[in-house]
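Read the structure below first, then the notes.
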Amino acid sequence: MCGPGLEMLEIMMEDNNLTKKQKEELEKLQKEIVDEAKKVVENYVDNPSDISGSVVNIHENSPFLDADKNGEPAFSGSRWTKLIKSK
């Protein structure tokens with residue numbers, strides 16, 4: 001199991017102060033969460049999205065948009081990793 005929510009459920013299930021009914025309810029919730037997570041993964045595998053993942057925003061004054069004297073991008077590839085704008 002992974003994720004902070006499921007870890008919390010596991011900790012709660014180990015609590016000796018819970019009744020058998022409460023533990024069963026937590027197990028039911030845990031199963032529902034895991035089953036739903038599996039459905040999400042399966043759906044993504046079957047229907048991958050081009051828009052998933054991280055979004056990168058670049059400000060209009062960003063040095064990433066600088067061009068050299070030939071109009072070519074000043075920074076590309078690995079040169080983007082450690083960039084300091086010079087004026």
Side-chain angles (χ1 to χ4, degrees):
M1 198 177 309
C2 64
L6 293 177
E7 288 174 4
M8 188 60 146
L9 282 175
E10 287 179 338
I11 291 169
M12 291 173 70
M13 283 190 284
E14 293 172 1
D15 186 352
N16 291 329
N17 295 326
L18 296 176
T19 66
K20 183 177 179 180
K21 184 176 179 179
Q22 289 172 323
K23 288 183 180 183
E24 288 172 356
E25 181 65 23
L26 284 175
E27 288 175 5
K28 179 182 171 190
L29 289 171
Q30 180 182 12
K31 182 180 180 331
E32 287 178 20
I33 292 169
V34 170
D35 289 345
E36 191 63 30
K38 287 178 182 179
K39 287 180 190 175
V40 169
V41 170
E42 289 171 5
N43 183 35
Y44 183 80
V45 169
D46 295 338
N47 305 298
S49 172
D50 292 334
I51 60 171
S52 68
S54 299
V55 175
V56 176
N57 295 309
I58 300 176
H59 189 271
E60 62 187 62
N61 295 329
S62 171
F64 289 115
L65 301 176
D66 287 350
D68 63 16
K69 60 185 174 191
N70 299 322
E72 294 295 319
F75 301 95
S76 63
S78 63
R79 290 184 282 176
W80 282 48
T81 58
K82 295 179 182 150
L83 178 67
I84 299 174
K85 179 151 178 134
S86 58
K87 289 193 176 197

List the atom pairs, with distances to 0.1 Å, where a side-chain N or O of residues 19-27 and a protein N or O form a donor-acceptor pair under 3.5 Å, not counting sequence neighbours.
| from | atom 1 | to | atom 2 | distance (Å) |
| --- | --- | --- | --- | --- |
| Thr19 | OG1 | Gln22 | N | 3.1 |
| Thr19 | OG1 | Gln22 | OE1 | 3.4 |
| Gln22 | OE1 | Thr19 | N | 2.8 |

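Residues passing the side-chain contact (heavy atoms from CB on, under 4.5 Å) test with Glu36 are Lys39, sequence neighbours excluded. With sequence neighbours excluded, no residue forms a salt bridge (Lys or Arg N to Asp or Glu O under 4.0 Å) with Asp46.
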